[in-house]
Structure formats: structure tokens, C-alpha cells
Amino acid sequence: MVITIIVLLILVAVSLRLISGNEGILERAETAVNKNSVAELKEEAILALTGRIIDKYDVGMNQSLKEVLEEGITGEKVIEEVTSDICYVTKGDAVITVYEDGTVEIGKVDVWDGSAKTQPTIDENNNWHIHTTAELKYLADFVNGELAEAEKGDLQITADTIVYLENDLDLGARQQNGTKTHGENWIPIGKSSDTKFLGTFDGNNHIVRGLYVDKTENFSGFFGNANTVRNLTIKDSYVLGGNATGSIAGLIRGTIENCHNVNSTVMMREGEYRTCGGIVGQGKTVLKCTNSGKIMGEGVSSGESSQTGGIVGILPTSGTMKECENTGTVSGHGNYVGGVVGYMSSSAQLMKSSNSGKVEGKSRAGGITGSAGNSTNILECVNTGNVLANGMFVGGIVGILGGNVEKCYNSGEIKQKQSDGDAGIGGICGETYMDSTIGIKNCYNKGKIIEEASGTAEKPLNGVGGIIGYISATNSSGVISNNYNFGQIEILGENIINIGSVIGRVTSDAFVRNNNYYLEGTPENAEGEKKSATEMKKQEFVDLLNTGLEEIAWEIRDSENEGYPVIIGVE
């Protein structure tokens, strides 16, 4: 009997824990109810904002955000106006933050008042935990040497320190067309070469909004000069700087990974400046980053060699980029403008990246990169954005090439509006560098190529090609093979010479050129072999493209690419 009673008591205790203990039935039920309450409140807020947009366009109503939420959300609630474009909404146990643009976040997003500063939590491993904007400001002042010794105490940040962002934060600044309308300027964390951030910043996939930076010195962004940053999004922000400017950071010396710029403008200011990127001005290792903001390189350095890129301004020697995507517009007043990278230094590697944003630059402009130096590799990259150059050397993938391009394609419109030298415009590559070993293999172009510039009778523009515009052969050699073009070439300018649907101009036989094809009806020269559309859509043509390859690269996929061959593993 005693044993039976003990067993029954144990069972009762277990049952009570299941019902009321940590993550017990009651707690899980309470959590589920709270989630439902939050979801319902979010839905009400979104519907209210949608109704406001309709009313504004239909009858010209222009209520404040708070008024709209007061009317649109039913029942008892508390609405706090933080700024004119942010409100906290509490209904029962559900709390959300509502933004003017329709963004709704769970809980109260912390909005910086422009001055608050509080020491963050620091754990036993010397890792920092940032929960509020005031704690973020403390971190910035600590790194930048702005704290008194008494405020710093014995705290330190080393290469082993990880700083974790624990919440979405709003730095409180607002702007219209670059003019600040509310809030305070942000001083980048690691504002100079002497005050760099040494550790790793892990954003924990959180968002920082309301960043406003206006600097003339080097290193502009949320970070200025930093080691490693990962898992962070900058949104609805504005960054204006000089050399080394980006939304996440001006300069990253280690790795920047899984970082994103959303609806933010990044601008390199006018003057003797260079290096601007949607994510980072200069980064050594850049992985899984995206940009949807507007990127503008207004500065022009001596020699007009400024670098502007949708993700990175300059990828330094032996740098690596992989799985990055740009969808924002990218423009630069100087040379070296690219949808993903402005300039790739020697031995840099760029893989599995894409651009769909409009790219506009002067000389050396490309859908993926403006320039790729000696021994560089561009692998499995795709450009679908339009590219416009107001100077020489423009390509769907790369403006001017000193290395290798493999398994890449372009479908964007490539246009040269004016040029004061050679043309050098191509569906994949505009021109090749001198003193280089070049390779373009297993690539195709289907984008229209438009030559709008004009030469003169004494100095005609030279080199328009479906794959390459102009092979400059001085001390250079290489292999151009297993490529095809079915994009149209349109010549609108005058005095243009050396036009071809594969290669426009070749000045030496130092380059091996074989197994290249073009669509009949496009401009012909001695380069490549003509095929009809019907022929190109057959397996026999795929077999030709795969000729001589150690591993096949081409296939036809039903209902894709208008029936023309595609590159295996490249979407």
C-alpha cells in the first residue's frame, strides 16, 4: 500500500509539472494565446494602414499614423506616439511597434533619443550583449575612445570578444532626399584607423533602422573600421561619406557575412574620394550579403579611378566573395562601377553572385564588376540588370578583365552612350587587360548590346562583341571557348568598326578561340560559328558546347531560357 501511494504521488507531481512547470501545458497554452493576440493585432494594424493608403489616394485624406491606428484597431488599446512615423500599440498582452511605411514589429522597438548611453551586459567570457540603443551608444563611444577612464573601468574588447545584438533597434534619425529631418547623426563604431573595432559583432539577424551618417573622413557606415560583422540588417537609413563608405561598414578587415542593406541610400560624397559599396566600402571576405538600397559614387579621385559597387566598392588582393546579391541601383561618376563589386584586385575570387539592379558608370562598368585584375576568377555569376557606360569598356559581367570568367551569363541590356577612346563593349566582357592571362569559358549572352556612341572618320570606335568587345593582346594570352551569344547588337552611332556577335576585335593570335557560336542574323565576322535558333535549341548544340570539357556544363531545361541551352548549376 505504501509503495502504491508513493507511486501515485510521483505521478501527481509529474502531472503537475506537465501542466504548470516550465514549458508545461499551461505555459504552452498561454504562449499560444499570446502569439495569437500579437498576430491578430499585427493584422489589424496592417489593415488600418492599407485603408489609409486607399483613402489617401481616393479622397486625399492625410491622417497621422496615430489617428489611423486609433480608428483602425478595435477595442481597448493604448497607442503611444514615439515620433511622427512610429507608434507603440498595446492591446491586452500584445504589444507591437508600427512604422509609417507599414512595417510592424513585435514588442517595442527601442528608439534612440540621440544622447542616452548605458553600459551593456558583459558575460564571464568577455562577450558583450546589446539590448538597447543606449547600450549601443556606449559600445560606439568605448571603441571610439570617447569614454572617460572612470566610465571604461577595466572593460576591454579583444579579437576574441563577441558583441551580440539582442533586439531590433532604431537610431531615430529620419531624412528626406539626404537632408536630415529628425534625430542625431551616428558616429561609426571604429571611426578611424586608430580606433578600429577589434572583435566580432553578431547582429543575431536583428535590424538597425534610422542610421544617419555624414562624414568627410575615411570609414563611414554603422561601423567605420571593423574586424568581423555578421547577421545584421541596416534598414531605412542614409550614409554619406568619403573614402571607404558602406551601410554596414566602411572597411572590414576580417569577414562580413549574412549582412543586408534594405531601402537605405549609401553615397560617396563629391570630391577626391574613392571606394563605396552598398554593404561595405572595402571587404576582404564577403559572404551571403544583399543590397536593395540606392548606391551612388559621387566622388572622383585623381585618375578618375573611384570604385563603386552594389555590395563592395573594392575587393582587395586575394579577397573572396560568395553568394551575394544586388537588386538596388548603382551609379558612379568615376571609373570602376559594378552591380556587385566596383573593382576586384589581383587574385580575388567572386562566386555565385548576381545583380538585377541598374548600373551606370563611366569607363570600366559591368553588371557584376567594373574591373577584374590579373589572376581573378568570376564563377557562376549572373547579371540581369541594365548597364550603361558613359566611357570605354562596358560588359554584362565585367567591364575590363585580367583573369577568368566561367559559367556566367548576362541578360541585361548593355549600352555605351559615349566614349572618348575605344568602344570595348560586350555581352560578357568589354575589353581584356594587357599583360594578362585571360579565360572566358562556358558563358552566354542574351542581352541586347547597344552602341550609341560615335567615333570619327579619323578615329573610329573599335570593338563591339556579343561575348567580348575587344581583346587587347599586348603581352596577353588566353582561351575563349565554349560560349555562345543570341543577344541582338544594335549600332546607333557612327564610325564604329570591328563588330562581331562573338568577339568584336582581336589583335593577336595569342588567344585560343574555339567552340564559340552566335545566332544567325546578328553581325558576322571571322569569330565564332553561326547557328539558327532552331539549331541552338537542339541537343546536338548542347553536345557541341560540352565538347572538350572534363565535366559537362550545358543542358536544355524545359520552358527555360526560351529553349536555348543553360549552364548546369547556374539559375
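Only a predicted model underlies this, so the values are computations on that prediction, with no experimental measurement involved.
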Any R253 side-chain heavy atom under 4.5 Å of N225 side chain: yes
Check whether S454 reaches the backbone of G493 with its side chain - one donor and one acceptor, N or O, closer than 3.5 Å. no
Within 45° of the six-membered ring axis of Y564 and under 6.0 Å from that ring's centre, is NZ or CZ of K537 located there? yes
Under a plain distance cut-off of 3.5 Å, with no hydrogens placed, do N485 and N445 share a side-chain donor-acceptor pair? yes
Give a yes or no on whether the backbone of S305 and the side-chain of Q307 come within a donor-acceptor separation of less than 3.5 Å. yes
Does the side-chain contact (heavy atoms from CB on, under 4.5 Å) test come out yes or no for T245 and Y273, once each step is laid out? CA-CA 10 Å; T245 294; Y273 299 110; over 6 Å; no
With side chain to side chain contact (heavy atoms under 4.5 Å, CB included) as the test, pick out the partner of I295 among T265, I279, V359, T308. T308
Scan for ring-ring contact (aromatic ring centres under 6.0 Å, His included) pairs involving residues 382-438, sequence neighbours excluded, and state none if there are none. Y409-Y444
May I ask you to test the T432-S476 pair for a side-chain heavy-atom distance under 4.5 Å? no
Is there a side-chain contact between S264 and V239 (heavy atoms, below 4.5 Å)? no
Parallel, tilted or perpendicular, judged at 30° and 60°: which one describes the rings of Y238 and Y212? parallel
So for atom CD, which belongs to E560, do other residues, nucleotides or ligands contribute more than 12 heavy atoms lying within a distance under 6.0 Å? yes
Report yes or no: does T285 contribute a side-chain atom to a donor-acceptor pair with the main-chain N or O of T255 at less than 3.5 Å? no
Hey, is the main chain of G412 close enough, under 3.5 Å, to the side chain of N386 for a donor-acceptor pair? no
Short side-chain donor-acceptor distance under 3.5 Å, D101 and T103: yes
Flag, side chain of Q349 to backbone of S347, donor-acceptor distance under 3.5 Å: yes
Any side-chain donor paired with an acceptor under 3.5 Å for N404 and N377? yes
Quick one: CE on M392 to OG on S363, what's the gap to the nearest 0.5 Å? 4.5 Å
Going from CD on E270 to CG on L240, what distance comes out if it is rounded to the nearest 0.5 angstrom? 10.0 Å
To the nearest 0.5 Å, how far apart are CZ in R269 and OG1 in T216? 6.0 Å
Suppose we screen for salt bridge (charged side-chain N to carboxylate O under 4.0 Å, His left out). Which residues come up paired with K459, at least two apart in sequence or across chains? none
Under a 4.0 Å threshold between the charged nitrogen and the carboxylate oxygen, would E380 count as salt-bridged to K352? yes
Determine whether a donor-acceptor pair (N or O, by modelled atom type, separation under 3.5 Å) exists between the side chain of K191 and the backbone of T195. no
Less than 4.5 Å apart, side chain to side chain, heavy atoms only: is that true for P316 and Q282? yes
Is there a donor-acceptor pair closer than 3.5 Å between any side-chain N or O of E529 and the backbone N or O of K531? no
So, applying side chain to side chain contact (heavy atoms under 4.5 Å, CB included) with I499, which one of I425, I491, N462 is it? I491
Answer yes or no: is there a donor N or O on one side and an acceptor on the other, between the side chain of N243 and the main chain of T275, under 3.5 Å? no
Kindly determine whether E406 and N442 satisfy side chain to side chain donor-acceptor pair (under 3.5 Å), including the steps that lead there. CA-CA 6 Å; E406 293 191 36; N442 299 318; 5.0 Å; no
Look only at the side chain of E413 and the backbone of I450, and say whether a donor-acceptor pair between them is shorter than 3.5 Å. no
Does P565 offer a backbone N or O that forms a donor-acceptor pair with the side chain of Y484 under 3.5 Å? yes
L198 versus V143: any side-chain heavy-atom pair under 4.5 Å? no
Taking CD in Q176 as the centre, count heavy atoms belonging to other residues, nucleotides or ligands within less than 6.0 Å. Is the count above 12? no
Determine, stepwise, if the pair I440 / C429 fulfils side-chain contact (heavy atoms from CB on, under 4.5 Å). CA-CA 9 Å; I440 298 181; C429 169; 3.8 Å; yes
Applying ring pair (Phe, Tyr, Trp, His ring centres under 6.0 Å), can you list everything that pairs with F223, at least two apart in sequence or on another chain? F197, F201
Between D236 and N263, is a side chain to side chain donor-acceptor pair (under 3.5 Å) present by the stated rule, with each step listed? CA-CA 5 Å; D236 301 335; N263 192 38; 2.7 Å; yes
Quick one: pull up OG in S436 and CG in L401 and give me the separation to the nearest 0.5 Å. 8.0 Å
